[in-house]
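Written out below as structure tokens is the structure these notes cover.
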Amino acid sequence: MSSIAIIGAGPQLGLAIARTFGAQGFDVALISRSREKLDTLVGKLTADGITAAAFPADVHDRDALRKALQDAAAKFDGIDVLEYSPVDGLSTVMTTPTRTEPDHLQQQIEFQLYGAITATRTVLPAMREAGAGTLLYTTGAGSIDPVPQVGNVNAAAAALRNWAINLHKELDGTGIQAAHIGIDVSIGTPAVPGFPTAQPEEISPVYWELHTTRRDQAELVFSR
């Protein structure tokens, strides 16, 4: 039995990814801050006939994140796919480039890049030993085409994108896929009037494709 660990599992895209992989027989490990929200998602997946379990952890707490992934690997006999797409509900400060102080960017770097690196370093040794695995990292498309209003967020997302694509290059030939997904739409409901929108169920199949038929692809941008 294969398993996927979804970091930042939420009621929209995270749940859709879980259902996409679960429908293919994957066990699902859900990781985010809120035990209550995770338990709700586990209940929904269980009702769909998908084996799922909750592992609460805050990506800012690297030790807790490592333990959550280790516990998930112990429960499901390994992690075959890692998907990293946390939402930082704790951060309310978004700054333009000219108003960005180092602290504004540091918080985002800790959350987006350092959390991804911590998660990857936890699961990668077993993937290397197996000669197989998939590592998927999600950001908004501002990591590619930045928007001044969220300059600090975009800068950190761009760092994660750069690192993920470089990881793909380093792991070439190892049997391990690493890829970045840029989401260039609002998910579910429009964040800005007139901005393109997609439902999470429309987006989640690209994750399965990157795991299966597009393993040579380092990046996929979902857009309308």
Side-chain angles (χ1 to χ4, degrees), residues 4 6-21 23 30-34 37-38 40-41 44 59-60 82-101 103-116 135-165 168 178-211 213-214 217-224:
I4 180 172
I6 300 174
I7 299 176
Q12 294 202 69
L13 185 57
L15 179 59
I17 294 169
R19 283 174 165 155
T20 294
F21 279 80
L30 302 175
I31 299 172
S32 71
R33 285 186 299 267
S34 171
K37 291 179 180 178
L38 287 177
T40 298
L41 297 180
K44 291 181 178 181
V59 299
H60 291 94
L82 173 74
E83 194 280 319
Y84 188 86
S85 57
V87 177
D88 191 5
L90 297 179
S91 175
T92 57
V93 178
M94 297 181 183
T95 59
T96 66
T98 59
R99 292 183 177 274
T100 298
E101 298 283 352
D103 286 348
H104 297 145
L105 182 55
Q106 180 63 36
Q107 193 276 338
Q108 287 294 323
I109 288 285
E110 289 273 356
F111 175 71
Q112 297 200 55
L113 180 60
Y114 296 170
L135 304 161
L136 302 174
Y137 308 92
T138 305
T139 71
S143 63
I144 304 165
D145 183 15
V147 179
Q149 290 86 344
V150 287
N152 60 324
V153 176
N154 286 171
L160 174 55
R161 172 183 180 251
N162 179 287
W163 180 82
I165 292 173
H168 175 92
H180 168 254
I181 300 93
I183 306 297
D184 194 19
V185 295
S186 292
I187 300 175
T189 57
V192 178
F195 192 75
T197 301
Q199 297 307 308
E201 295 78 14
E202 298 176 274
I203 303 170
S204 60
V206 307
Y207 291 80
W208 181 253
E209 292 169 11
L210 287 166
H211 172 60
T213 60
R214 297 191 182 188
Q217 194 165 334
E219 182 172 62
L220 190 152
V221 178
F222 187 95
S223 62
R224 290 294 199 195

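Quick caveat, the model's predicted, so the values are computed rather than measured.
- Annotation: the span from Leu30 atom CG to Thr40 atom OG1 amounts to 11.0 Å, rounded to 0.5 Å.
- Pairing each heavy atom of Pro11 with each of Leu41, the nearest pair is CA-CD2, 3.9 Å.
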Walk me through it: do His168 and Gln217 pass the test side-chain contact (heavy atoms from CB on, under 4.5 Å)?
-> CA-CA 8 Å; His168 175 92; Gln217 194 165 334; 5.8 Å; no
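- Two residues are said to be in side-chain contact when any heavy atoms from C-beta on lie closer than 4.5 Å; Ile4 and Ile17 meet this criterion.
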Do Thr20 and Ser204 pass the side chain to side chain donor-acceptor pair (under 3.5 Å) test, and can you show the C-alpha distance, the side-chain angles, and the key distance before you say yes or no?
-> CA-CA 7 Å; Thr20 294; Ser204 60; 2.8 Å; yes
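- Using a 4.5 Å heavy-atom threshold, the side chains of Phe21 and Glu83 count as separate.
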Let me see the working for Tyr207 and Leu13 under side-chain contact (heavy atoms from CB on, under 4.5 Å), right down to the final yes or no.
-> CA-CA 11 Å; Tyr207 291 80; Leu13 185 57; 3.6 Å; yes
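- Closest of all the heavy-atom pairs between Ala159 and Ile109 is CB-CD1, 4.1 Å.
- The aromatic rings of Trp163 and Tyr137 lie perpendicular to each other, with more than 60° between the two planes, well past the 30° mark.
- Thr95 pairs with exactly one of Thr100, Val150, Leu105, Asp103 by the side-chain contact (heavy atoms from CB on, under 4.5 Å) rule, that one being Thr100.
- Looking only at side-chain heavy atoms (C-beta outward), Ile203 and Val185 come within less than 4.5 Å of each other.
- Put simply, the side chain of His180 reaches to within 4.5 Å of the side chain of Ile144, judged on heavy atoms.
- How far CD1 of Ile183 is from OG1 of Thr138: 6.0 Å, rounded to the nearest 0.5 Å.
- Proximity of Leu38 to Ser32: side-chain heavy atoms (C-beta onward) are separated by under 4.5 Å at one or more points.
- No side-chain heavy atom of His104 sits less than 4.5 Å from a side-chain heavy atom of Arg99.
- Annotation for Phe111 and Tyr84: closest pair O-OH, 2.5 Å, computed over non-hydrogen atoms.
- Here the closest heavy-atom approach between residue Gly188 and residue Thr197 is recorded as O-CG2, 3.5 Å.
- Here Leu136 contributes atom CG and Ile6 contributes atom CD1; the two are 10.0 Å apart, rounded to the nearest 0.5 Å.
- Under a 3.5 Å cut-off, the side chain of Gln112 and the backbone N or O of Val153 do form a donor-acceptor pair.
- Taking CZ from Arg161 and CG from Leu113, the interatomic distance works out to 14.0 Å, rounded to the nearest 0.5 Å.
- Across all their heavy atoms, Thr189 and Ser186 have their closest contact at O-CB, 3.3 Å.
- Between Asn154 and Pro146, the closest heavy-atom pair is OD1-CA, 3.3 Å.
- In this structure, the separation between CD on Glu110 and NE2 on His60 is 7.0 Å, given to the nearest 0.5 Å.
- Here the CG atom belonging to Asp184 is positioned 11.0 Å from the CZ atom belonging to Arg224, to the nearest 0.5 angstrom.
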